[in-house]
Amino acid sequence: MITLHSIQEALAEFVATSPLNYVTEQMALVPEDVGQRLYDAPIVKIGAADDPLWEALKAPQAVGELLRTPKEWMAEARSVVSYFAPFSDFVVDGNRDATAVGNGWLYARVEGQAFLTEVNHFLERWFAEQGVKALSPYASAEFKYVFEAGTCEAVENKSLSFTSNWSERHVAYVCGLGTFGLSKGLITERGVAGRFGSVVTAAPLEVTPRPYSDIYEYCSMCGACARQCPGEAITLAEGKSHPKCCAYVNVMREWYAPRFGCGKCQVGVPCERGIPKR
Ligand code: SF4
Ligand code: SF4
């Protein structure tokens with residue numbers, strides 16, 4: 001029988017043992033980084049494929065009309081499994097400088113994101129072994145992400161130029177993993193520093209509760225992420241400016257090519273490793 005616990009156990013083992021979750025000699029910027037782990041064991045939550053919030057995500061102020069609901073991805077969908085993979089201490093602690101991006105953060109943004117695609121494929125195989133179909137929209141050939149890298153002004157018109165047909169953070173919100181913060185990261189019980197993934201499945205799984213009703217419920221609005229942002233992209237009054245963040249990250253693309261990253265709004269903040277106290 002497939003349960004939240006059995007999914008979480010399978011994911012924990014894959015993340016602990018996959019060589020793709022560790023810095024290799026080929027990718028290491030310095031020899032001391034070889035063998036360091038990128039992600040800790042994921043936390044998992046389960047949403048219903050017919051939750052009315054999926055349709056609500058098509059609103060322009062959410063993901064936009066390009067978004068496909070779980071049943072639009074897979075007609076027989078019954079559940080959605082969403083996970084949060086926290087960055088390891090190596091990744092987070094190495095990114096505490098005010099501006100310099102840590103090696104671990106750079107690996108996690110590039111090779112680490114490719115690893116999460118493998119995690120999604122692992123989940124598809126794992127469900128298939130249990131005799132049930134599962135599909136990762138993000139890892140499928142039909143995933144569509146509309147964003148012209150380098151044209152930060154285009155992000156202003158979000159519904160046309162910065163949207164996708166599956167958004168892992170919004171999926172995580174629907175499934176009960178956490179709520180958004182001022183920095184637009186999703187704050188989970190393990191904090192904001194990490195990445196998300198998901199699969200849609202035909203398995204009728206027990207849905208986990210969504211213990212919040214407001215999209216910013218877990219954010220204390222302390223403003224620490226705004227004070228730390230080197231791109232001056234976050235303000236308490238207006239939240240995060242995607243064009244300003246994008247422009248700053250593009251500078252980091254030049255500094256750290258072929259990798260990139262920033263993440264100063266996710267480290268050294270009260271929501272780094274948990275839900276902040278108000
Ligand atoms: S640092 Fe403070 S204001 Fe920013 S997202 Fe975290 S809790 Fe919210
Ligand atoms: S990623 Fe960097 S530039 Fe973008 S909002 Fe966070 S701290 Fe600011």
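Both counts, for ligands and for their atoms, begin at 1 and track the order of listing.
- With respect to S198, the side-chain hydrogen bond (donor to acceptor under 3.5 Å, both in side chains) criterion is satisfied by exactly one of Y83, Y138, W166: W166.
- The protein atom (non-hydrogen) at minimum distance from atom 5 (S) of ligand 1 is L182 N, 3.4 Å.
- Nearest-heavy-atom check against atom 2 (Fe) of ligand 1 across G191, G223, C222, G181 picks out C222.
- In V269, the part holding a heavy atom less than 4.0 Å from any atom of ligand 1 is the side chain.
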Task: Step-by-step side chain to side chain donor-acceptor pair (under 3.5 Å) determination, S140 to W73 - done: CA-CA 10 Å; S140 90; W73 278 100; over 6 Å; no

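- Atom 6 (Fe) of ligand 1 has as its closest protein heavy atom C271 SG, 2.4 Å.
- Excluding waters, the set of protein N/O/S atoms under 2.8 Å from atom 6 (Fe) of ligand 2 reads C265 SG.
- Ion pair K244/E238 not flagged as a salt bridge, since none of the NZ, NE, NH1 or NH2 atoms sits closer than 4.0 Å to an Asp/Glu carboxylate oxygen.
- A chain of hydrophobic side-chain contacts below 4.5 Å, direct or via other Ile, Leu, Val, Met, Phe, Trp or Tyr residues, connects L177 to L53.
- At least one test fails for R169 against the ring of F196: distance under 6.0 Å to the centre or angle within 45° of the axis.
- When the options T201, I46, V81, I7 are evaluated for a side chain to side chain contact (heavy atoms under 4.5 Å, CB included) with I2, the one that passes is I7.
- Using a 3.5 Å distance cut-off with no hydrogens or angles, the side chains of E124 and H121 do pair a donor with an acceptor.
- Shown in contact with P276 at under 4.0 Å from a heavy atom are these atoms of ligand 1, numbered in order with element: 7 (S).
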Please list, one pair per line, the donor and acceptor atoms closer than 3.5 Å that link side chains of residues 100-110 to other protein atoms, with sequence neighbours excluded.
unit_1 : atom_1 : unit_2 : atom_2 : d
N103   : ND2    : D33    : OD2    : 3.0
Y107   : OH     : L29    : N      : 2.8
Y107   : OH     : D33    : OD2    : 2.7

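- With a 6.0 Å radius and a threshold of 12 heavy atoms from other residues, nucleotides or ligands, R78 has its CZ atom at or below the threshold.
- Using a 4.0 Å cut-off between charged nitrogen and carboxylate oxygen, R210 and E217 do not count as a salt-bridge pair.
- Both the backbone and the side chain of S220 come within 4.0 Å of ligand 1, counting heavy atoms alone.
- The protein atom (non-hydrogen) at minimum distance from atom 8 (Fe) of ligand 1 is C219 SG, 2.3 Å.
- Annotation for ligand 2: atoms under 4.0 Å from non-hydrogen atoms of P230 are 7 (S).
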